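Working notes, beginning with the structure itself.
The model shown is predicted, which means the values in this text are computed figures rather than measured ones.
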Number of protein chains: 2
Amino acid sequence: MSPSAPPNPPRPAPKLRQVAAEAGVHFSTVSRALNPATRHLVAAPVAERVQAVAARLGYRVDAAASALRSGRSRLVGALVPGIANPVFAPILAGAAAALTEADHALLVADPGDDPARAAAFVAELASRRVDGMLLATAAREHDPAVAACLQRSLPVVLINRACARGTAVVPAVVPDDVAGMRLIVAHLSGLGHRRIGHLAGPATLSTGLLRRQGFEQAMAECGLHADGDAPIEVAEAFDRPAGRLAADRLLARPDRPTALACANDLLALGAYDACYAAGLRIPEDISVSGHNDMPLVDMITPGLTTVRIPHDAMGRQAAALLLETIRRGASSGITVLPPTLVVRGSTAPPGRRGASHERL
Amino acid sequence: MSPSAPPNPPRPAPKLRQVAAEAGVHFSTVSRALNPATRHLVAAPVAERVQAVAARLGYRVDAAASALRSGRSRLVGALVPGIANPVFAPILAGAAAALTEADHALLVADPGDDPARAAAFVAELASRRVDGMLLATAAREHDPAVAACLQRSLPVVLINRACARGTAVVPAVVPDDVAGMRLIVAHLSGLGHRRIGHLAGPATLSTGLLRRQGFEQAMAECGLHADGDAPIEVAEAFDRPAGRLAADRLLARPDRPTALACANDLLALGAYDACYAAGLRIPEDISVSGHNDMPLVDMITPGLTTVRIPHDAMGRQAAALLLETIRRGASSGITVLPPTLVVRGSTAPPGRRGASHERL
DNA sequence: AACGTTCCTGCAAACGTTTGTAGGATCGTT
DNA sequence: AACGATCCTACAAACGTTTGCAGGAACGTT
């Protein structure tokens with residue numbers, strides 16, 4: 001019948017009016033029959049007939065027209081600092097999955113670490129009529145992107161970062177950072193470590209601040225004091241080079257710690273670099289721990305002891321929370337997800353002091 | 001003046017008519033003045049006045065209305081099997097960056113490895129009026145998602161996978177898999193290896209097939225024969241467990257190879273597992289190489305010798321190619337990106353045969 | 001001075017849907 | 001049998017933009 005070339009010169013997608021003509025009803029009736037929320041307004045047999053015709057023709061509502069008329073786009077914007085970042089990628093994946101189930105789609109934008117750029121993206125996405133925003137970029141306070149959403153009264157959910165906005169709390173899904181650090185400190189303390197250093201992240205990010213607070217609190221609970229037992233160095237950023245630098249400083253201290261609790265897996269990788277450069281073996285000479293349990297950190301040598309954060313679940317929950325906010329109009333509070341300890345080869349009881357020097 | 005609560009009850013965004021009223025012109029003139037493509041139709045002083053007013057009011061064109069009327073949405077859909085996959089995440093990041101520069105936005109969907117689901121997503125995204133599609137999920141041939149795009153005459157660019165569609169070639173951006181395997185084989189051969197095994201990926205994926213072909217070709221070029229010198233095992237999937245299984249089979253062969261060239265870093269990780277389980281040291285007893293240079297494969301022990309593929313650049317180029325196709329209407333051919341060899345600790349000259357047995 | 005161009009601007013018609021309103025059946029009640 | 005209530009369907013008006021078309025002003029040419 002037809003040659004091997006694509007047979008049909010791609011017919012334009014069927015419209016509401018064509019389904020209506022085929023089913024012998026007015027096109028507004030078709031609209032109602034196909035929309036679950038208005039289906040009850042049309043007689044059952046008619047609705048069924050319409051649905052059958054629509055299915056046969058392969059009708060799909062035109063999103064642009066629908067968005068224009070109804071004001072709802074079934075689109076959600078997401079801002080992440082680094083799409084390929086091993087922390088944020090699973091968050092995106094989880095959010096995308098949850099949104100798909102709810103017939104929404106995900107519009108991703110990557111402003112990096114630039115808050116002004118993030119705010120610009122909010123404006124852009126708002127003009128695309130997104131129904132809500134997922135922000136994984138928010139700084140601890142006075143974030144322009146958050147402000148941009150609030151000003152447009154765009155529903156917004158923060159991910160991985162908390163953010164106080166005046167007295168009102170912006171809904172968020174965050175890991176329990178304090179509990180996470182408590183797990184790590186308890187683990188190290190249980191192994192016998194007493195001098196435990198902390199590689200903190202930037203204090204401008206809630207994860208940086210909260211994990212540091214969690215560390216100090218947990219140390220106090222173990223009877224260790226922030227003064228002598230718990231030296232702290234703050235990294236400039238949550239990445240490997242910054243971790244290396246901060247760890248170098250920590251290792252150079254006169255009372256070098258026997259364990260390093262890092263605020264982040266990437267910082268821990270930097271700490272590996274620093275330790276190896278200093279001729280220290282992990283975990284024989286010094287224990288190192290991370291935070292996040294990024295993909296593949298089980299593959300490095302030695303495997304990194306860390307705190308697992310369910311990033312995928314965070315994405316899912318944030319999407320669910322946002323959809324809820326969009327529907328209800330109200331914003332629920334902050335969801336805190338419990339972390340779990342993952343022990344691998346990078347932590348061990350402290351060795352005899354000075355052993356590493358004898359090696360050299 | 002105003003309390004700490006958000007001062008302005010969020011005024012609706014300004015429309016074309018409001019800008020027009022403020023500037024004292026008809027709103028169609030505003031539309032023309034703000035659109036670079038039609039700006040030349042309006043007198044220069046008027047255009048400037050309009051632009052000033054628009055900027056002052058913070059006007060942004062409503063994407064839904066624009067898409068409805070013009071048929072162009074400035075939206076591009078992307079299908080990837082696994083958003084968080086270390087290979088595809090950088091691709092997405094690159095594509096998003098390139099699209100953003102061209103004032104387009106990225107709509108991501110993750111059908112996993114299910115081709116039917118991918119085709120369904122194409123339909124969904126088409127109804128959202130995306131201007132084109134980026135497919136990183138395509139199988140080697142007869143991919144339903146590709147067919148769905150072609151049938152709707154949606155511009156499409158394949159990423160990381162090539163795909164012949166009848167006689168016509170679907171535009172794609174792919175790594176030079178043959179050249180990559182040639183780099184590896186030349187490296188191993190240069191080290192003195194003669195019996196080199198290949199852990200191939202599924203032949204249904206172009207990367208699986210092409211890298212195998214590249215391997216066989218490169219071996220022949222080095223004077224090694226596919227029969228005796230180059231045993232091949234095909235893994236069920238591109239993941240670590242499948243790599244372990246296939247490597248087990250390869251190691252069990254009577255003439256066990258002294259080097260393993262894997263089609264993928266994940267397969268190589270599986271090969272590590274298999275080698276360690278067999279009591280073989282890497283690289284003393286056996287060399288292992290990967291493909292892709294995923295993040296963190298430099299941190300495992302020993303560091304993985306592999307072929308670096310510029311995934312970020314692939315995403316960028318694919319987006320650029322797609323935008324070009326959208327504008328011109330025509331589809332350019334296939335872009336092939338050159339790989340580079342990254343030598344780390346997992347490859348070395350072959351040791352004396354049997355050394356590993358004496359160890360046990 | 002009349003006429004043909006060129007240049008600009010206003011007018012109005014789409015694009016395809018959702019949704020308020022009105023009117024015609026149908027039914028049950030008195 | 002007449003009336004009100006209920007149920008369903010059709011009609012029409014948006015939503016905000018892009019774009020073909022027409023008309024008027026300004027200009028240069030014969």
Side-chain angles (χ1 to χ4, degrees), chain A residues 11-51 53-54 57-75 103 124 126-131, chain B residues 11-51 53-54 57-75 103 124 126-131:
Chain A
R11 257 192 331 237
K15 310 301 175 198
L16 220 38
R17 335 186 76 100
Q18 316 189 23
V19 178
E22 199 99 351
V25 294
H26 192 261
F27 74 94
S28 68
T29 303
V30 175
S31 173
R32 279 188 255 262
L34 296 183
N35 188 333
T38 53
R39 186 164 310 159
H40 65 101
L41 293 174
V42 22
V46 177
E48 285 171 24
R49 177 158 42 99
V50 168
Q51 289 177 288
V53 173
L57 298 187
Y59 170 81
R60 306 208 56 148
V61 3
D62 182 302
S66 176
L68 175 58
R69 166 65 221 225
S70 71
R72 282 159 278 137
S73 63
R74 287 158 41 235
L75 230 44
D103 196 29
E124 158 70 10
S127 84
R128 285 189 184 273
R129 288 179 170 252
V130 293
D131 293 336
Chain B
R11 255 192 333 236
K15 310 299 175 202
L16 220 39
R17 334 188 76 102
Q18 315 189 24
V19 179
E22 200 100 351
V25 293
H26 192 262
F27 73 96
S28 67
T29 303
V30 176
S31 173
R32 280 188 258 262
L34 296 183
N35 188 334
T38 54
R39 185 165 310 155
H40 65 102
L41 294 174
V42 21
V46 177
E48 286 171 24
R49 178 158 41 98
V50 167
Q51 289 177 289
V53 174
L57 297 187
Y59 170 80
R60 308 208 55 148
V61 5
D62 182 305
S66 177
L68 175 58
R69 167 63 223 224
S70 71
R72 282 158 279 138
S73 63
R74 289 158 40 237
L75 231 43
D103 195 31
E124 158 71 12
S127 83
R128 287 190 183 272
R129 287 177 172 254
V130 292
D131 293 337

Stretch residues 64-75 of chain B: residues that reach within less than 4.0 Å of DNA chain C through a heavy atom: L68(B), R69(B)
When every non-hydrogen atom of A47(A) is compared with those of A33(A), the smallest separation belongs to CA-CB, 4.1 Å
Quick check: closest heavy atoms across V50(A) and V25(A), and the distance to 0.1 Å? CG2-CG2, 4.1 Å
Sequence neighbours left out, what passes salt bridge (Lys or Arg N to Asp or Glu O under 4.0 Å) with D131(B)? Give chain and number order. none
Considering residues at least two apart in sequence or located in another chain, which fulfil the salt bridge (Lys or Arg N to Asp or Glu O under 4.0 Å) criterion with R74(B)? E124(A), D103(B)
Using heavy atoms to find the nearest nucleotide of DNA chain C for V46(B) and R129(B) separately, return the residue whose nucleotide is more 5′. V46(B)
For DNA chain C, note the earliest and the latest nucleotide, 5' to 3', having some atom under 4.0 Å of a heavy atom belonging to chain A. dG16(C) to dG20(C)
With the threshold set at under 4.0 Å for non-hydrogen atoms, list the residues of residues 13-24 of chain B touching DNA chain D in residue-number order. K15(B), L16(B), R17(B)
Those residues of residues 30-41 of chain B lying under 4.0 Å from DNA chain D by at least one heavy atom: S31(B), R32(B)
With sequence neighbours excluded, what pairs up with [X] under the side-chain contact (heavy atoms from CB on, under 4.5 Å) test?
X      : value
R69(A) : none
F27(B) : L16(B), R17(B), A20(B)
A67(B) : A64(A), S73(B)
A13(A) : K15(A)

Which ranges of DNA chain D pair up as stems, where a stem means three or more consecutive Watson-Crick or G-U pairs with both distances under 3.5 Å? C:1-30 with D:1-30
Value in whole Å for how far the P atom of dA12(D) lies from CZ of F27(A): 10 Å
Ignoring hydrogens and angles, answer whether the base of dC11(D) and the side-chain atoms of S28(A) contain a donor-acceptor pair closer than 3.5 Å. yes
When you compare the side chain of L34(B) with that of V61(B), does any pair of heavy atoms fall below 4.5 Å? no
For the residue pair D62(B) and R129(A), establish whether any side-chain heavy-atom pair is separated by less than 4.5 Å. yes
Would you mind listing every side chain to side chain donor-acceptor pair (under 3.5 Å) that reaches into residues 39-49 of chain B, with sequence neighbours excluded? none
Nearest 0.5 Å, please: how far is CZ in R128(A) from OG in S66(B)? 9.0 Å
